Amino acid sequence: MSDQQVDQGKRTWLIATGCAGAVGGVATAVPFVSSFAPSERAKAAGAPVEADISALQPGAKMTVEWRGKPVWIVRRTPEQLAALPKLDPQLADPESDRKAYPIPEYAKNEHRSIKPEYLVVVGICTHLGCSPSEKFQAGPQASLPDDWQGGFLCPCHGSTFDLAGRVFKNKPAPDNLEVPPHMYLSDTKILIGEDKKA
């Protein structure tokens, strides 16, 4: 055998094993890459959630889960709504101008909601992701100012939010509570996670 025949044999062998390796690599990679696609359970976790607010009394709150987050629906009393404009000077972002997350157009108002009576916000503090506590009763209370008008207190680091989910000045939380996309299906049903009619 000449050197040229040996080199040609090696070349053929290398090409054949390289092709076999590539086919094996693709066969292994396809199931691996397809595992990155979201599962049905994961898709369902991001799906819109319907909330029935027919039993929600004025001054009360209910919680639903959307995308693994608590979403609060608060039915505010006329007194609670009347107190909102008076708080503007004490708030860090009364007009929700900060852009940490998208603010729906229908939440760019004093009450940060579609219907003034109902507040819909994600119940996660914008500081470190703790869940604030409801402190709806007005007046002096532990860890709250003497002129407290009602809202939420994050017990982790003391951030306070009014009943529109707006953060007070000089608190650790950098932003207001998030308003998720939502829409009313009827007077008693809210769809959280979608705000455009099909």
Side-chain angles (χ1 to χ4, degrees), residues 42-127 129-136 138 148-154 159-169 171 173-198:
K43 287 178 189 172
V49 175
E50 196 173 300
D52 182 351
I53 58 171
S54 60
L56 191 60
Q57 296 299 312
K61 174 187 95 172
M62 66 180 286
T63 304
V64 296
E65 186 178 338
W66 172 67
R67 292 188 176 175
K69 302 177 197 175
V71 174
W72 296 336
I73 302 170
V74 179
R75 186 172 179 188
R76 297 175 283 206
T77 65
E79 295 78 24
Q80 291 169 332
L81 283 169
L84 293 178
K86 300 173 192 170
L87 298 172
D88 286 1
Q90 301 174 46
L91 302 170
D93 185 19
E95 303 295 321
S96 295
D97 290 327
R98 295 183 185 162
K99 305 294 183 236
Y101 41 77
I103 306 280
E105 282 299 318
Y106 46 80
K108 292 181 181 177
N109 51 53
E110 190 79 48
H111 40 81
R112 296 183 77 226
S113 60
I114 297 171
K115 295 183 179 183
E117 188 176 358
Y118 293 99
L119 172 67
V120 180
V121 291
V122 174
I124 297 176
C125 181
T126 57
H127 179 222
C130 303
S131 187
S133 304
E134 61 186 66
K135 298 290 181 181
F136 293 168
W148 183 248
Q149 296 296 311
F152 306 96
L153 166 68
C154 187
S159 292
T160 49
F161 303 87
D162 73 353
L163 278 167
R166 301 176 298 175
V167 68
F168 283 83
K169 288 179 183 176
K171 299 295 179 177
D175 287 296
N176 298 333
L177 297 178
E178 178 183 359
V179 176
H182 64 283
M183 62 189 224
Y184 285 81
L185 299 175
S186 70
D187 286 342
T188 59
K189 297 229 189 284
I190 299 175
L191 186 67
I192 297 161
E194 188 175 313
D195 56 8
K196 293 179 179 58
K197 300 205 182 220

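Worth knowing before you read on, the calculation uses all heavy atoms, side chains too, and leaves out hydrogens, waters and symmetry mates. Given the structure is predicted, the values throughout are model-derived calculations rather than measurements.
- Atoms CE and CD1, on Met62 and Ile73 in that order, are 4.5 Å from each other to the nearest 0.5 Å.
- Within the model, atoms CZ of Phe161 and SG of Cys154 stand 6.5 Å from one another, a figure rounded to the nearest 0.5 Å.
- Residues passing the side chain to side chain contact (heavy atoms under 4.5 Å, CB included) test with Ala83 are Gln149, sequence neighbours excluded.
- For the pair Asp52 and Lys189, the minimum side-chain heavy-atom distance is below 4.5 Å.
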After noting the C-alpha distance and the side-chain angles of Glu178 and Ile124, does the key distance pass the side-chain contact (heavy atoms from CB on, under 4.5 Å) rule?
-> CA-CA 8 Å; Glu178 178 183 359; Ile124 297 176; over 6 Å; no

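- Counting all heavy atoms, side chain and backbone alike, Val121 lies closest to Pro180 at CA-CD, 3.8 Å.
- No side-chain heavy atom of Lys171 sits less than 4.5 Å from a side-chain heavy atom of Thr126.
- Among all heavy-atom pairs drawn from Ser96 and Arg112, the shortest one is OG-NE, 2.9 Å.
- No donor-acceptor pair closer than 3.5 Å links the side chain of Thr77 to the backbone N or O of Pro58.
- The two atoms that bring Ala51 and Ile192 nearest to each other are CB-CD1, 4.4 Å, heavy atoms only.
- Note that OH of Tyr184 is 6.0 Å distant from CD1 of Ile114, once rounded to the nearest 0.5 Å.
- Residues Trp148 and Leu153 fail the side-chain proximity criterion, which asks for heavy atoms closer than 4.5 Å.
- Taking a cutoff of 4.0 Å between a charged side-chain nitrogen and a carboxylate oxygen, Asp162 and Lys86 do not qualify as a salt bridge.
- Between Glu95 atom CD and Asn109 atom CG the span is 9.5 Å, to the nearest 0.5 Å.
- We find the CD-OG distance between Glu50 and Ser186 to be 8.0 Å, quoted to the nearest 0.5 Å.
- Under the 4.5 Å side-chain criterion, counting only non-hydrogen atoms from C-beta, His111 is in contact with Leu81.
- Taking 4.5 Å as the limit, some side-chain heavy atom of Val179 sits within range of a side-chain heavy atom of His182.
- Of all non-hydrogen atoms in Asp195 and Pro181, the two that sit nearest each other are OD2-CB, 3.6 Å.
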Walk me through it: do Leu56 and Glu117 pass the test side-chain contact (heavy atoms from CB on, under 4.5 Å)? CA-CA 11 Å; Leu56 191 60; Glu117 188 176 358; over 6 Å; no

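- Residues Glu110 and Asp88 come closest through the heavy atom pair OE2-OD1, 2.8 Å.
- For the atom pair CZ (Phe136) and CG (Leu163), the distance works out to 6.0 Å, reported to the nearest 0.5 Å.
- Using a 4.5 Å heavy-atom threshold, the side chains of Arg166 and Leu84 count as touching.
- Closest non-hydrogen pair, Pro132 versus Cys125, comes out as CD-N, 3.7 Å.
- A donor-acceptor pair under 3.5 Å links the side-chain atoms of Lys169 to the main chain of Pro89, judged by distance alone.
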